[in-house]
Protein chains: 2
Amino acid sequence: MSRTDADFIAAGVTIVKERGFAQLTSRSLGDAMGIHSTAVYRHFPQWDLLVLAVTDAIFGESAARHLPEILAVADPRARVLTLMRIVRAEIDLNPELAANLVRMAGSPVSVATPHADAMAGLVVDALLEMGVPSDSVAIAYQALENFTMGGAALDYAGLPDHLSKRLGRRRMAGIPAFTQVAKSPDDIERINAQAFTLGADALLDACEKLAAAP
Amino acid sequence: MSRTDADFIAAGVTIVKERGFAQLTSRSLGDAMGIHSTAVYRHFPQWDLLVLAVTDAIFGESAARHLPEILAVADPRARVLTLMRIVRAEIDLNPELAANLVRMAGSPVSVATPHADAMAGLVVDALLEMGVPSDSVAIAYQALENFTMGGAALDYAGLPDHLSKRLGRRRMAGIPAFTQVAKSPDDIERINAQAFTLGADALLDACEKLAAAP
DNA sequence: ACCTGAACACCGTTCAAGT
DNA sequence: ACCTGAACACCGTTCAAGT
């Protein structure tokens with residue numbers, strides 16, 4: 001029986017979840033599906049298209065898993081924060097996801113990303129509910145996405161041992177304001193969390209100001 | 001005559017500037033230097049170490065080029081903004097730089113990044129000058145870096161044609177708040193610029209609040 | 001110590017051939 | 001239409017051999 005595009009994506013998702021993106025290759029996918037590695041090209045003319053489709057699917061699984069939790073948050077500002085945290089948590093589980101999400105943002109329209117688009121739609125709805133003028137929502141959304149993606153990508157780069165690596169790098173830089181405050185991996189983790197909270201609050205404050213403006 | 005590590009890095013910088021990171025391979029580097037491709041392993045045990053060293057060197061060239069301009073900005077808040085814009089401009093010239101900067105952040109201490117560290121030092125000095133308490137500087141710095149890196153990485157992903165690709169993706173998402181506002185690549189460019197300004201101002205406001213707090 | 005050159009284990013990709 | 005299997009042009013990397 002013939003395989004569908006969805007079959008290839010599902011097999012790819014399994015490989016990524018179990019072994020990470022680095023192990024998602026045309027050979028490993030073919031092996032996992034019990035077919036030849038080159039069969040994928042019948043469904044995805046370029047390997048990259050499969051990788052980005054898998055990236056979106058992982059996003060979709062995450063959204064489906066957390067949707068009740070998201071919709072349960074009545075306050076729209078708190079709901080945006082919840083969505084930002086969910087993206088962070090997903091990249092924590094899969095740090096290679098960040099680079100693929102960036103590539104997804106720069107991919108042509110031939111790459112469909114329904115799940116990521118739905119996630120963006122939830123944020124946009126919450127911003128409108130906060131009272132952000134409709135002609136400013138795109139700007140506010142972009143600022144939030146930039147901060148969330150950048151923060152997650154940087155905070156989890158080098159996983160595992162990302163915290164002790166960052167600690168070592170801060171020590172090497174020899175900047176007193178860093179070394180006096182960051183003395184253990186736990187300190188780094190706390191700084192990352194506080195930087196996320198500080199930035200998210202500042203950006204959401206700015207969104208509320210847009211809402212209050214005439 | 002024997003080559004030094006710096007010779008390899010310099011040759012790598014030239015290749016990246018002329019042809020991009022994708023063309024920086026052990027073979028192309030060997031060809032450019034007139035030696036065998038495997039000679040690099042005598043100086044950099046892993047290829048990645050050379051790539052990250054080249055990334056830092058490009059950062060260093062950028063900093064050296066802009067240093068007078070940076071130091072001429074007397075107001076510390078405006079100076080941070082200038083530094084953020086310089087990082088953005090560099091990633092605009094070389095979008096693949098963003099992914100390498102993220103990997104740099106997660107690399108072990110065996111990868112020295114003196115130029116990026118110096119850049120961070122300038123930001124930290126400006127934050128202290130703004131009056132941010134020394135035990136909050138690391139947090140403030142991290143929030144600014146997250147936003148700057150994320151924004152640059154996302155805004156310039158897919159270069160060239162990144163603006164029309166983003167436009168197409170927004171249309172595909174079918175979110176009215178996006179499609180009503182983004183009707184041409186120029187609109188996308190304007191939204192990106194405004195999102196950067198909005199976010200940077202919001203984050204710098206938060207830094208000033210930290211400075212004003214008791 | 002530094003570089004060469006052959007070789008290895010991968011990668012995405014193409015294409016004629018099968019069903 | 002879908003899949004196979006051999007082949008191609010790459011990659012980083014290893015290692016014995018040269019100087």
Side-chain angles (χ1 to χ4, degrees), chain A residues 1-16 18-57 94 96-97 99-100 102-104 106-108 110-111 158, chain B residues 1-16 18-57 94 96-97 99-100 102-104 106-108 110-111 158:
Chain A
M1 203 182 77
S2 288
R3 284 100 192 150
T4 65
D5 290 6
D7 292 332
F8 282 85
I9 294 171
V13 169
T14 303
I15 290 174
V16 169
E18 289 176 355
R19 294 184 274 157
F21 269 102
Q23 298 302 315
L24 177 62
T25 67
S26 52
R27 265 82 169 180
S28 73
L29 188 68
D31 286 351
M33 298 180 73
I35 58 175
H36 200 268
S37 67
T38 56
V40 68
Y41 289 94
R42 180 71 35 180
H43 295 83
F44 298 87
Q46 289 165 30
W47 176 249
D48 244 35
L49 301 180
L50 183 273
V51 174
L52 294 177
V54 167
T55 299
D56 184 67
N94 230 314
E96 298 147 302
L97 199 63
N100 286 316
V102 170
R103 287 176 44 235
M104 214 170 81
S107 62
S110 57
V111 179
Chain B
M1 200 183 77
S2 288
R3 285 101 192 149
T4 65
D5 290 6
D7 292 332
F8 282 85
I9 294 170
V13 169
T14 302
I15 291 174
V16 169
E18 288 176 356
R19 294 183 275 157
F21 270 102
Q23 297 303 315
L24 177 62
T25 69
S26 51
R27 265 84 168 180
S28 73
L29 187 69
D31 287 350
M33 299 179 73
I35 58 176
H36 199 267
S37 67
T38 57
V40 67
Y41 289 95
R42 180 73 35 183
H43 295 84
F44 297 88
Q46 289 165 28
W47 176 248
D48 244 35
L49 302 180
L50 182 276
V51 174
L52 294 178
V54 167
T55 301
D56 184 67
N94 230 314
E96 297 147 302
L97 200 62
N100 286 316
V102 170
R103 287 174 45 234
M104 214 169 82
S107 63
S110 56
V111 180

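As the structure is a computational prediction, the values presented were derived from the model and not from experiment. Residue numbers start from 1 in every chain, and the chains themselves are labelled A, B, ... in the order their sequence lines are given, proteins ahead of strands.
The shortest distance between the side-chain N/O atoms of B/Arg3 and the OP1/OP2 oxygens of C/dC3 is below 4.0 Å. OP1 or OP2 of D/dC3 lies within a sub-4.0 Å distance of a side-chain N or O belonging to A/His43.
Taking atom CD of A/Gln46 as the reference point, atom C1' of C/dC11 lies 15 Å away to the nearest angstrom. Between the CE atom of A/Met33 and the P atom of D/dT4 there is a distance of 10 Å, given to the nearest Å. Rounding to whole angstrom units, CZ of residue B/Arg42 and C1' of D/dA16 are separated by 12 Å. For the pair A/Phe44 CZ and C/dT13 C1', the computed distance is 16 Å after rounding to whole Å.
Taking the side chain as every heavy atom from C-beta outward, A/Ile15 and A/Val54 never approach each other to under 4.5 Å. Contact check for A/Leu50 versus A/Tyr41: no side-chain heavy atoms found under the 4.5 Å cut-off. Using a 4.5 Å heavy-atom cutoff, the side chains of B/Leu52 and B/Asp56 are not in contact. At least one side-chain heavy atom of B/Phe21 sits under 4.5 Å from a side-chain heavy atom of B/Thr55. Taking 4.5 Å as the limit, every side-chain heavy atom of B/His43 sits out of range of all side-chain heavy atoms of B/Asp7.
Taking every side-chain heavy atom of B/Tyr41 into account, D/dT13 is the closest of D/dC3, C/dC2, D/dT13. Here the side chain of B/Ser2 is nearest to one of C/dC2, C/dT13, C/dC3, namely C/dC2. Among the nucleotides D/dT4, C/dG5, C/dC3, the one closest to the side chain of B/His36 is C/dG5.
Within a heavy-atom distance below 4.0 Å of DNA chain C, no residue of residues 47-56 of chain B is found. Against DNA chain C, the stretch residues 18-32 of chain A makes heavy-atom approaches under 4.0 Å through A/Thr25, A/Ser26, A/Arg27.
The residue A/Thr38 sits close to a base: some heavy atom pair falls under 4.0 Å.
Atom OG1 of B/Thr14 sits about 10.0 Å away from atom CZ of B/Arg19, to the nearest 0.5 Å. Atoms CZ and CG, from B/Phe44 and B/Leu29 in turn, are 9.0 Å apart once rounded to the nearest 0.5 Å.
Not one N or O on the side chain of B/Glu96 forms a donor-acceptor pair closer than 3.5 Å with the backbone of B/Gly20.
Exactly one residue among A/Thr25, A/Val16, A/Asn100 makes a side-chain contact (heavy atoms from CB on, under 4.5 Å) with A/Val51. That residue is A/Asn100.
Base pairing in DNA chain D gives the following stems of 3 or more Watson-Crick or G-U pairs, range against range and under 3.5 Å: C:4-8 with D:12-16, C:12-16 with D:4-8.
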